[in-house]
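Quick notes on the structure that follows.
By convention in this document, chain letters (A, B, ...) are assigned in the order of the sequence lines, proteins followed by strands, and residues within each chain are numbered from 1. Nothing here was measured: the structure is a model prediction, and the numbers come from that model. Only heavy atoms go into these numbers, but all of them, side chains included; no hydrogens, no water, no symmetry mates.
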2 protein chains.
Amino acid sequence: MKLAANLQEQVASHLRRRILSGQLLPGTPLREQTLAVEFGISRGPIRDALLHLTKEGLLIARPNVGVRVANEPSGFKRNVIVHLRREIEASAISAWFETKDPALLKQLDDNLALYKEACGGSDLGQVVELDMAFHRLLVEGADNGSLVDLWLPIMLRMFLRYSRHRDLMESYHEHAGIVRAMHARHEWEALEALKLHIV
Amino acid sequence: MKLAANLQEQVASHLRRRILSGQLLPGTPLREQTLAVEFGISRGPIRDALLHLTKEGLLIARPNVGVRVANEPSGFKRNVIVHLRREIEASAISAWFETKDPALLKQLDDNLALYKEACGGSDLGQVVELDMAFHRLLVEGADNGSLVDLWLPIMLRMFLRYSRHRDLMESYHEHAGIVRAMHARHEWEALEALKLHIV
DNA sequence: TCGAGGAACATTGTTGACAATTGACAATGC
DNA sequence: GCATTGTCAATTGTCAACAATGTTCCTCGA
């Protein structure tokens, strides 16, 4: 996985995974002191991590009261999010077709293999992780990865309802379809597959 | 202005204004200890504020090294940002045309008056503040303001180059054009004016 | 001259203690 | 009975000291 040097990142990664995999349901409050004991560290890095996740949209904070896991976005908001993700990821794919760097294809192929396996298994956290990694690879490929920080909070908000509304194997085939179109150098087909995949 | 109860927010607001108004140029490093002395408080709230602004895209952080004011987005990234802002704000305006709540028009009119005045003056910080407030009103009007947290970081990244590339009075007239179309209940015209305004 | 090592410094990361705020509930007055 | 006020526990906000890390610059040897 990722080896974060500082505690703040470790805590944030851990909590992020627990939220996205559905282990922490919307509305669940997170107490700084409780988490500090749980992780065996002080409240400082916990605070930083919670602030991090709040800005990513996974938590909502009320001053002097605390944070809790954010609710799924409303239908209206989710619809906007879908369009934003499409815009970002489509731009990234179009940018890739300018260079057609084979390194990215290699990474996507590797991810696909792992993803297929994970979708068959039972570790939902792993599935989420790989799904996210797939799209992250796409976004990172464009313009030196400058879009990632823009894309991540949008992506995360959408994944708040990941666990409960997904046919995993179908999702895998959609990923595979995108990569196939990229291999075949069919830009329009790749963009169309992406658009149909993000809903 | 806004009266934040906690120091963290006060510091964040203050620094945000200084960055957006161009007093703090891209690349400028911000030291926790220096700011703590400057504000007369300890490093704790400063840390929180810097983390805040980092997640908003105004600062970039390197672990164990510190933060500095972010650079303007690349041409490629800026183009994506433009499309994202259009998507969000257009959605918000379309949502308003479902209800046509006159309260929003009143607020926009008030903002326009202040904005016109500020564009004539010399306080660039004030101009930025009011320009941002205008668009924030639009976004807040839709779906109980659920889009604001999505919109803000996108907006802020775009405003990193605000000070150096704007004809203020023209900007005012564009705002006025949008509001005029809303008063006249011409949705298409409002959306078109918005699209032309966000570039 | 140039690069490797390393000491000194500046800066961020972490910690535990204390202060301020909140929300719930009991006591009070009408 | 009902609103108001006081009190208390839980929680976040703030602080100052200490630890760990990164940077700078100097020395030393080839």
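Positionally, the nearest nucleotide of DNA chain C for A:Q8 lies more toward the 5' end than for the other of A:R43 and A:Q8. Each of B:T34 and A:P63 was assigned the nucleotide of DNA chain C with the nearest heavy atom; the assignment lying further toward the 5' end belongs to B:T34.
Residue B:G66 is in sugar-phosphate contact alone, with no base atom involved, counting any heavy-atom pair closer than 4.0 Å across all strands shown. Among the heavy atoms of the strands lying under 4.0 Å from A:L30 are primed sugar atoms or P, OP1, OP2 only; no base atom is included.
Following rounding to the nearest Å, A:E32 (CD) and D:dG13 (C1') show an atom-to-atom distance of 9 Å. Taking atom CZ of B:R68 as the reference point, atom P of D:dT23 lies 12 Å away to the nearest angstrom. Protein atom CZ of A:R47 is 15 Å distant from nucleotide atom P of D:dT11, rounded to whole Å. Separating the CD atom of B:Q33 from the P atom of D:dA16 is a distance of 10 Å, rounded to the nearest angstrom. Distance CG (B:L50) to P (C:dT12): 8 Å, rounded to an integer number of Å. In this structure, the CD atom of B:E9 is 20 Å from the P atom of C:dA20, given to the nearest Å. A:D48 has its CG atom 9 Å from the C1' atom of C:dG13, to the nearest Å. Atom CD1 of A:I60 is separated from atom P of D:dT12 by 14 Å (rounded to the nearest Å).
Considering only heavy atoms from C-beta on, B:W151 stays 4.5 Å or farther from A:V80 through its side chain. Two residues are said to be in side-chain contact when any heavy atoms from C-beta on lie closer than 4.5 Å; B:H186 and B:R180 fail this criterion. A heavy-atom distance below 4.5 Å is found between the side chains of A:M132 and A:L156.
In this structure, the nucleotide among D:dG22, C:dT14, D:dA16 sitting nearest to the side chain of B:V65 is D:dG22. For A:L7, the listed nucleotide lying nearest its side chain is C:dT15; candidates were D:dG13, C:dT15, C:dT12. The B:S42 side chain lies nearest to D:dC15 when the options are D:dT11, D:dC15, C:dT14. When distances run from any side-chain atom of B:N64 to the nucleotides D:dT14, C:dG13, C:dT22, the shortest one goes to C:dG13.
Judged by distance alone, the side chain of B:K77 and the main-chain N or O of A:S146 form a donor-acceptor pair under 3.5 Å.
A:V148 and A:F159 fall within a single hydrophobic cluster, where Ile, Leu, Val, Met, Phe, Trp and Tyr side chains are chained together by heavy-atom contacts under 4.5 Å.
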